[in-house]
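Quick note on labels: first sequence line is chain A, next is B, and so on, each numbered from 1.
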Protein chains: 2
Amino acid sequence: MSQDGVDLETSLGYLLKEASSVLRAAMEEVLRPLGMSVTHYSCLELLAQRPGLSNSELARGAFVTRQSMNVLLQALERDGYVSRPAEAPVGKVLPARLTPRGRRSLEKATAAVRSVEVRMLAGLSGDEQAAAFRVLRSMVHSLRDGA
Amino acid sequence: MSQDGVDLETSLGYLLKEASSVLRAAMEEVLRPLGMSVTHYSCLELLAQRPGLSNSELARGAFVTRQSMNVLLQALERDGYVSRPAEAPVGKVLPARLTPRGRRSLEKATAAVRSVEVRMLAGLSGDEQAAAFRVLRSMVHSLRDGA
DNA sequence: TGACTCATGTCAGCATTCTGACATAGATTG
DNA sequence: CAATCTATGTCAGAATGCTGACATGAGTCA
(Lines give C-alpha, C1' and ligand atoms only; values in the text may rest on other atoms or scores of the structure.)
Protein backbone atom coordinates (compact mmCIF):
# COMPACT_ATOMS: atom_id res chain seq x y z
CA MET A 1 0.00 0.00 0.00
CA SER A 2 2.76 2.44 0.84
CA GLN A 3 5.47 1.71 -1.61
CA ASP A 4 8.13 4.13 -2.77
CA GLY A 5 5.74 6.72 -4.14
CA VAL A 6 3.59 9.21 -2.28
CA ASP A 7 0.71 7.44 -0.59
CA LEU A 8 -2.55 9.28 -1.09
CA GLU A 9 -3.82 8.27 2.33
CA THR A 10 -0.97 10.08 4.05
CA SER A 11 -0.53 12.95 1.62
CA LEU A 12 -1.25 16.34 3.10
CA GLY A 13 -1.99 17.69 -0.36
CA TYR A 14 -4.63 15.04 -0.99
CA LEU A 15 -6.20 15.63 2.41
CA LEU A 16 -6.20 19.35 1.74
CA LYS A 17 -8.12 18.76 -1.46
CA GLU A 18 -10.55 16.47 0.31
CA ALA A 19 -11.21 18.95 3.11
CA SER A 20 -11.72 21.76 0.65
CA SER A 21 -14.08 19.61 -1.39
CA VAL A 22 -16.16 18.60 1.63
CA LEU A 23 -16.29 22.19 2.86
CA ARG A 24 -17.43 23.43 -0.52
CA ALA A 25 -20.15 20.77 -0.68
CA ALA A 26 -21.37 21.67 2.80
CA MET A 27 -21.52 25.35 1.90
CA GLU A 28 -23.33 24.69 -1.34
CA GLU A 29 -25.85 22.61 0.54
CA VAL A 30 -26.82 25.38 2.95
CA LEU A 31 -26.62 28.13 0.32
CA ARG A 32 -28.75 26.38 -2.30
CA PRO A 33 -32.05 27.02 -0.47
CA LEU A 34 -31.11 30.69 -0.58
CA GLY A 35 -30.49 30.54 -4.32
CA MET A 36 -26.84 31.37 -3.86
CA SER A 37 -23.60 29.72 -4.98
CA VAL A 38 -20.34 29.75 -3.07
CA THR A 39 -18.72 32.25 -5.43
CA HIS A 40 -21.87 34.36 -5.21
CA TYR A 41 -21.66 34.37 -1.42
CA SER A 42 -17.91 35.05 -1.43
CA CYS A 43 -18.43 38.11 -3.59
CA LEU A 44 -21.09 39.57 -1.27
CA GLU A 45 -19.05 38.80 1.84
CA LEU A 46 -15.97 40.47 0.37
CA LEU A 47 -17.97 43.56 -0.50
CA ALA A 48 -19.45 43.73 2.99
CA GLN A 49 -16.03 43.64 4.59
CA ARG A 50 -14.30 45.87 2.05
CA PRO A 51 -16.73 48.15 0.25
CA GLY A 52 -15.51 49.58 -3.02
CA LEU A 53 -13.55 46.56 -4.19
CA SER A 54 -13.12 46.34 -7.97
CA ASN A 55 -14.01 43.42 -10.17
CA SER A 56 -10.42 42.23 -10.39
CA GLU A 57 -9.89 42.49 -6.64
CA LEU A 58 -13.07 40.53 -6.00
CA ALA A 59 -11.90 37.87 -8.43
CA ARG A 60 -8.63 37.43 -6.57
CA GLY A 61 -10.44 37.31 -3.25
CA ALA A 62 -12.82 34.63 -4.46
CA PHE A 63 -10.11 32.65 -6.30
CA VAL A 64 -11.64 32.88 -9.76
CA THR A 65 -10.58 34.75 -12.90
CA ARG A 66 -11.67 38.33 -13.38
CA GLN A 67 -13.68 37.20 -16.40
CA SER A 68 -15.74 34.82 -14.26
CA MET A 69 -16.26 37.43 -11.58
CA ASN A 70 -17.33 39.90 -14.22
CA VAL A 71 -20.14 37.59 -15.35
CA LEU A 72 -21.30 37.23 -11.75
CA LEU A 73 -21.04 40.95 -11.00
CA GLN A 74 -23.13 41.87 -14.01
CA ALA A 75 -25.84 39.48 -12.86
CA LEU A 76 -25.71 40.82 -9.30
CA GLU A 77 -25.92 44.34 -10.63
CA ARG A 78 -28.85 43.49 -12.87
CA ASP A 79 -30.71 41.92 -9.95
CA GLY A 80 -30.04 44.83 -7.64
CA TYR A 81 -27.66 43.28 -5.12
CA VAL A 82 -24.68 45.37 -6.10
CA SER A 83 -24.17 48.81 -7.61
CA ARG A 84 -21.33 50.23 -9.63
CA PRO A 85 -20.92 53.77 -10.95
CA ALA A 86 -21.50 54.22 -14.67
CA GLU A 87 -18.06 55.76 -15.08
CA ALA A 88 -14.79 55.06 -13.36
CA PRO A 89 -13.77 57.76 -10.82
CA VAL A 90 -10.17 57.09 -11.72
CA GLY A 91 -8.64 54.89 -14.40
CA LYS A 92 -10.81 51.98 -15.47
CA VAL A 93 -11.46 50.61 -11.97
CA LEU A 94 -15.15 50.46 -11.08
CA PRO A 95 -15.67 50.26 -7.30
CA ALA A 96 -18.59 47.99 -6.36
CA ARG A 97 -20.85 48.32 -3.33
CA LEU A 98 -23.65 46.33 -1.78
CA THR A 99 -27.15 47.71 -2.06
CA PRO A 100 -29.52 47.41 0.93
CA ARG A 101 -31.03 44.44 -0.85
CA GLY A 102 -27.59 42.88 -1.20
CA ARG A 103 -26.93 43.43 2.47
CA ARG A 104 -30.19 41.77 3.47
CA SER A 105 -29.49 38.81 1.21
CA LEU A 106 -26.04 38.43 2.68
CA GLU A 107 -27.30 38.34 6.27
CA LYS A 108 -29.16 35.06 5.81
CA ALA A 109 -26.27 33.55 3.89
CA THR A 110 -23.77 34.53 6.57
CA ALA A 111 -25.81 32.80 9.23
CA ALA A 112 -25.98 29.65 7.12
CA VAL A 113 -22.27 29.65 6.39
CA ARG A 114 -21.40 30.35 10.00
CA SER A 115 -23.29 27.22 11.04
CA VAL A 116 -21.12 25.22 8.67
CA GLU A 117 -17.93 26.68 10.11
CA VAL A 118 -19.11 25.91 13.62
CA ARG A 119 -19.79 22.32 12.62
CA MET A 120 -16.43 22.09 10.91
CA LEU A 121 -14.53 23.29 13.96
CA ALA A 122 -16.47 21.17 16.45
CA GLY A 123 -14.12 19.10 18.56
CA LEU A 124 -11.06 21.20 17.81
CA SER A 125 -9.25 23.21 20.46
CA GLY A 126 -8.09 26.76 19.90
CA ASP A 127 -4.50 25.55 19.90
CA GLU A 128 -5.22 23.00 17.21
CA GLN A 129 -6.97 25.57 15.06
CA ALA A 130 -4.08 27.99 15.49
CA ALA A 131 -1.59 25.31 14.52
CA ALA A 132 -3.54 24.43 11.39
CA PHE A 133 -3.80 28.12 10.56
CA ARG A 134 -0.03 28.53 10.71
CA VAL A 135 0.63 25.47 8.59
CA LEU A 136 -1.84 26.48 5.90
CA ARG A 137 -0.43 29.99 5.75
CA SER A 138 3.05 28.57 5.39
CA MET A 139 1.92 26.34 2.53
CA VAL A 140 0.30 29.22 0.70
CA HIS A 141 3.40 31.33 1.13
CA SER A 142 5.80 28.62 -0.01
CA LEU A 143 3.78 27.75 -3.09
CA ARG A 144 3.14 31.33 -4.12
CA ASP A 145 6.57 32.89 -4.40
CA GLY A 146 8.64 29.75 -4.41
CA ALA A 147 9.50 29.17 -8.06
CA MET B 1 -12.45 45.37 9.96
CA SER B 2 -13.37 42.62 12.40
CA GLN B 3 -16.90 43.43 13.42
CA ASP B 4 -19.43 40.93 14.64
CA GLY B 5 -19.25 38.70 11.58
CA VAL B 6 -16.62 36.23 10.53
CA ASP B 7 -13.49 37.98 9.35
CA LEU B 8 -12.16 36.43 6.19
CA GLU B 9 -8.57 37.11 7.18
CA THR B 10 -8.91 34.91 10.25
CA SER B 11 -11.34 32.35 8.88
CA LEU B 12 -9.93 28.85 8.70
CA GLY B 13 -12.45 28.00 6.00
CA TYR B 14 -11.29 30.85 3.81
CA LEU B 15 -7.65 29.95 4.33
CA LEU B 16 -8.45 26.35 3.48
CA LYS B 17 -9.96 27.47 0.20
CA GLU B 18 -6.96 29.65 -0.52
CA ALA B 19 -4.46 26.89 0.19
CA SER B 20 -6.38 24.46 -1.95
CA SER B 21 -6.57 27.00 -4.76
CA VAL B 22 -2.85 27.75 -4.67
CA LEU B 23 -2.00 24.06 -4.54
CA ARG B 24 -4.22 23.34 -7.51
CA ALA B 25 -2.64 26.17 -9.51
CA ALA B 26 0.85 24.93 -8.69
CA MET B 27 -0.04 21.41 -9.77
CA GLU B 28 -1.65 22.59 -13.00
CA GLU B 29 1.47 24.59 -13.76
CA VAL B 30 3.82 21.61 -13.56
CA LEU B 31 1.36 19.20 -15.20
CA ARG B 32 0.51 21.41 -18.19
CA PRO B 33 3.86 20.78 -19.95
CA LEU B 34 3.00 17.09 -19.73
CA GLY B 35 -0.43 17.67 -21.27
CA MET B 36 -2.16 16.54 -18.12
CA SER B 37 -4.81 18.08 -15.87
CA VAL B 38 -5.08 17.59 -12.13
CA THR B 39 -8.09 15.28 -12.43
CA HIS B 40 -6.27 13.39 -15.16
CA TYR B 41 -3.27 12.89 -12.88
CA SER B 42 -5.44 11.98 -9.89
CA CYS B 43 -7.10 9.25 -11.90
CA LEU B 44 -3.79 7.71 -12.97
CA GLU B 45 -2.33 7.94 -9.47
CA LEU B 46 -5.39 6.28 -7.97
CA LEU B 47 -5.16 3.45 -10.47
CA ALA B 48 -1.46 2.96 -9.76
CA GLN B 49 -2.09 2.62 -6.05
CA ARG B 50 -5.28 0.63 -6.33
CA PRO B 51 -5.51 -1.27 -9.62
CA GLY B 52 -8.98 -2.38 -10.60
CA LEU B 53 -10.86 0.60 -9.27
CA SER B 54 -14.20 1.24 -10.97
CA ASN B 55 -15.32 4.47 -12.59
CA SER B 56 -17.46 5.43 -9.60
CA GLU B 57 -14.69 4.69 -7.12
CA LEU B 58 -12.25 6.76 -9.13
CA ALA B 59 -14.75 9.61 -9.20
CA ARG B 60 -15.06 9.60 -5.42
CA GLY B 61 -11.30 9.47 -5.04
CA ALA B 62 -10.77 12.42 -7.35
CA PHE B 63 -13.71 14.40 -5.91
CA VAL B 64 -15.70 14.68 -9.11
CA THR B 65 -18.98 13.10 -10.21
CA ARG B 66 -18.98 9.70 -11.82
CA GLN B 67 -20.25 11.34 -15.00
CA SER B 68 -17.19 13.57 -15.22
CA MET B 69 -14.85 10.70 -14.48
CA ASN B 70 -16.57 8.63 -17.14
CA VAL B 71 -15.76 11.23 -19.80
CA LEU B 72 -12.13 11.28 -18.69
CA LEU B 73 -11.87 7.48 -18.51
CA GLN B 74 -13.22 7.07 -22.03
CA ALA B 75 -10.60 9.50 -23.32
CA LEU B 76 -7.83 7.74 -21.38
CA GLU B 77 -9.01 4.40 -22.73
CA ARG B 78 -9.18 5.73 -26.29
CA ASP B 79 -5.62 7.07 -25.99
CA GLY B 80 -4.28 3.86 -24.51
CA TYR B 81 -3.45 4.93 -20.98
CA VAL B 82 -6.08 2.78 -19.32
CA SER B 83 -7.80 -0.47 -20.17
CA ARG B 84 -11.15 -1.84 -19.15
CA PRO B 85 -12.67 -5.21 -19.97
CA ALA B 86 -15.42 -5.18 -22.59
CA GLU B 87 -17.80 -6.89 -20.18
CA ALA B 88 -18.18 -6.63 -16.43
CA PRO B 89 -16.81 -9.68 -14.56
CA VAL B 90 -19.55 -9.16 -12.00
CA GLY B 91 -22.48 -6.77 -11.98
CA LYS B 92 -21.97 -3.60 -14.00
CA VAL B 93 -18.68 -2.63 -12.39
CA LEU B 94 -15.84 -2.32 -14.90
CA PRO B 95 -12.44 -2.54 -13.19
CA ALA B 96 -9.89 -0.19 -14.79
CA ARG B 97 -6.14 -0.73 -15.01
CA LEU B 98 -3.14 1.24 -16.20
CA THR B 99 -1.51 0.14 -19.41
CA PRO B 100 2.31 0.23 -19.64
CA ARG B 101 1.89 3.50 -21.50
CA GLY B 102 -0.25 4.87 -18.69
CA ARG B 103 2.36 3.82 -16.16
CA ARG B 104 5.11 5.56 -18.10
CA SER B 105 3.05 8.72 -18.40
CA LEU B 106 2.33 8.69 -14.70
CA GLU B 107 6.00 8.42 -13.74
CA LYS B 108 6.88 11.84 -15.10
CA ALA B 109 3.76 13.38 -13.61
CA THR B 110 4.47 11.91 -10.19
CA ALA B 111 7.93 13.43 -10.16
CA ALA B 112 6.51 16.83 -11.08
CA VAL B 113 3.80 16.67 -8.45
CA ARG B 114 6.23 15.47 -5.82
CA SER B 115 8.36 18.55 -6.37
CA VAL B 116 5.31 20.69 -5.67
CA GLU B 117 4.59 18.84 -2.44
CA VAL B 118 8.18 19.25 -1.35
CA ARG B 119 8.00 22.96 -1.99
CA MET B 120 4.70 23.19 -0.15
CA LEU B 121 6.06 21.47 2.94
CA ALA B 122 9.32 23.40 3.01
CA GLY B 123 9.85 25.02 6.37
CA LEU B 124 7.41 22.81 8.21
CA SER B 125 8.41 20.37 10.92
CA GLY B 126 7.05 16.86 11.11
CA ASP B 127 5.10 17.81 14.20
CA GLU B 128 3.46 20.71 12.44
CA GLN B 129 2.51 18.55 9.49
CA ALA B 130 1.07 15.91 11.78
CA ALA B 131 -0.96 18.53 13.64
CA ALA B 132 -2.36 19.91 10.40
CA PHE B 133 -3.14 16.40 9.27
CA ARG B 134 -5.18 15.71 12.40
CA VAL B 135 -7.09 18.96 12.15
CA LEU B 136 -7.97 18.46 8.49
CA ARG B 137 -9.13 14.92 9.13
CA SER B 138 -11.30 16.16 11.97
CA MET B 139 -12.85 18.80 9.72
CA VAL B 140 -13.63 16.29 7.01
CA HIS B 141 -15.18 13.95 9.54
CA SER B 142 -17.29 16.63 11.22
CA LEU B 143 -18.62 18.00 7.94
CA ARG B 144 -19.34 14.63 6.43
CA ASP B 145 -21.62 12.89 8.88
CA GLY B 146 -22.66 15.85 10.94
CA ALA B 147 -26.07 16.81 9.61
C1' DT C 1 -40.18 -15.73 -5.03
C1' DG C 2 -41.30 -10.83 -5.70
C1' DA C 3 -40.95 -6.03 -4.41
C1' DC C 4 -37.94 -2.69 -2.98
C1' DT C 5 -33.75 -0.21 -2.45
C1' DC C 6 -29.27 0.99 -3.81
C1' DA C 7 -25.20 1.51 -6.78
C1' DT C 8 -23.37 1.49 -11.28
C1' DG C 9 -22.37 2.94 -16.28
C1' DT C 10 -23.80 5.98 -19.57
C1' DC C 11 -26.20 9.56 -22.47
C1' DA C 12 -27.82 14.31 -23.09
C1' DG C 13 -28.30 19.15 -21.84
C1' DC C 14 -26.91 22.95 -18.97
C1' DA C 15 -24.00 25.88 -16.01
C1' DT C 16 -19.87 27.63 -14.63
C1' DT C 17 -15.28 28.65 -15.24
C1' DC C 18 -11.40 29.18 -18.01
C1' DT C 19 -8.29 30.76 -22.06
C1' DG C 20 -7.58 34.05 -25.67
C1' DA C 21 -7.97 38.60 -27.24
C1' DC C 22 -8.60 43.62 -27.43
C1' DA C 23 -8.71 48.52 -26.12
C1' DT C 24 -7.52 51.58 -22.61
C1' DA C 25 -5.66 53.96 -18.30
C1' DG C 26 -1.86 54.55 -15.13
C1' DA C 27 2.90 53.77 -13.76
C1' DT C 28 7.66 53.19 -14.93
C1' DT C 29 11.79 54.01 -17.28
C1' DG C 30 15.07 55.56 -20.58
C1' DC D 1 8.73 63.47 -23.43
C1' DA D 2 8.03 58.95 -25.52
C1' DA D 3 8.16 54.10 -25.09
C1' DT D 4 7.23 50.31 -22.43
C1' DC D 5 5.06 47.71 -18.97
C1' DT D 6 1.36 46.46 -16.07
C1' DA D 7 -3.40 46.19 -14.70
C1' DT D 8 -8.14 46.70 -15.73
C1' DG D 9 -12.90 45.81 -17.85
C1' DT D 10 -15.02 43.34 -21.27
C1' DC D 11 -16.36 40.28 -25.19
C1' DA D 12 -16.28 35.69 -27.45
C1' DG D 13 -15.36 30.80 -27.78
C1' DA D 14 -13.82 26.47 -25.63
C1' DA D 15 -13.27 23.30 -21.92
C1' DT D 16 -14.68 21.24 -17.91
C1' DG D 17 -17.81 19.74 -14.48
C1' DC D 18 -22.53 19.20 -12.95
C1' DT D 19 -27.64 17.87 -12.81
C1' DG D 20 -31.19 15.03 -14.67
C1' DA D 21 -32.48 10.79 -16.47
C1' DC D 22 -32.53 5.93 -17.85
C1' DA D 23 -31.69 0.92 -17.84
C1' DT D 24 -29.52 -2.64 -15.42
C1' DG D 25 -27.36 -5.67 -11.89
C1' DA D 26 -26.97 -6.92 -6.87
C1' DG D 27 -28.40 -7.04 -2.23
C1' DT D 28 -32.35 -6.95 1.30
C1' DC D 29 -36.51 -8.27 3.29
C1' DA D 30 -41.06 -9.87 3.92
Side chains of A:Ser54 and A:Glu57, donor plus acceptor under 3.5 Å: yes

Presence of A:Thr65 side-chain N/O under 4.0 Å of C:dC18 phosphate oxygens OP1/OP2: yes

Options C:dT19, C:dA25, C:dT8, nucleotide nearest the side-chain atoms of B:Val93: C:dT8

Phosphate-side-chain proximity, A:Arg60 and D:dT8, N/O vs OP1/OP2 below 4.0 Å: yes

Nearest-nucleotide pick for A:Asn55, side chain only, options being C:dT8, D:dG9, D:dT19: D:dG9

Separation of C:dG9 C1' from B:Leu53 CG (nearest whole Å): 15 Å

Phosphate contact (D:dT10 OP1 or OP2) by A:Asn70 side-chain N/O below 4.0 Å: yes

Rounded distance in Å - CG (B:Leu94) to P (C:dT8): 12 Å

Sugar-phosphate only, base, or nothing, as touched by A:Arg32 at under 4.0 Å among non-hydrogen atoms: nothing

Gap between atoms CD and P, on A:Glu28 and D:dC18 respectively (whole Å): 9 Å

Sugar-phosphate, base or nothing in reach of A:Leu72, heavy atoms under 4.0 Å: nothing

Presence of donor-acceptor pair under 3.5 Å, side chain of B:Gln67 and base of C:dG13: no

Test item: side-chain donor near acceptor, B:Glu28 and B:Ser37, under 3.5 Å: no

Between A:Ser42 and A:Thr39: side-chain donor-acceptor atoms closer than 3.5 Å: no

Under 3.5 Å side-chain donor-acceptor pair for A:Glu117 and B:Ser11: yes

For atom CE of B:Met69 and atom C1' of D:dC18, their distance in whole Å: 14 Å

Whole-Å gap separating P (D:dC11) and CG (A:Leu73): 13 Å

A:Val90 or A:Arg24, whichever maps to the more 5' nucleotide of DNA chain C: A:Arg24

Minimum-distance nucleotide to B:Lys92 side chain [options: D:dT24, D:dT10, D:dT8]: D:dT24

Closest-nucleotide 5' rank along DNA chain D - winner of A:Arg66 and B:Ser68: A:Arg66

Check: B:Gln74 side chain, C:dG9 base, donor-acceptor under 3.5 Å: no

Side chain of B:Thr39 (C-beta onward), nearest among D:dG17, D:dC18, C:dA25: D:dG17

Atom-to-atom span, CD of B:Glu87 to P of D:dT24 - whole angstrom: 15 Å

Residues A:Tyr41 and A:Glu45: side-chain donor-acceptor under 3.5 angstrom: yes

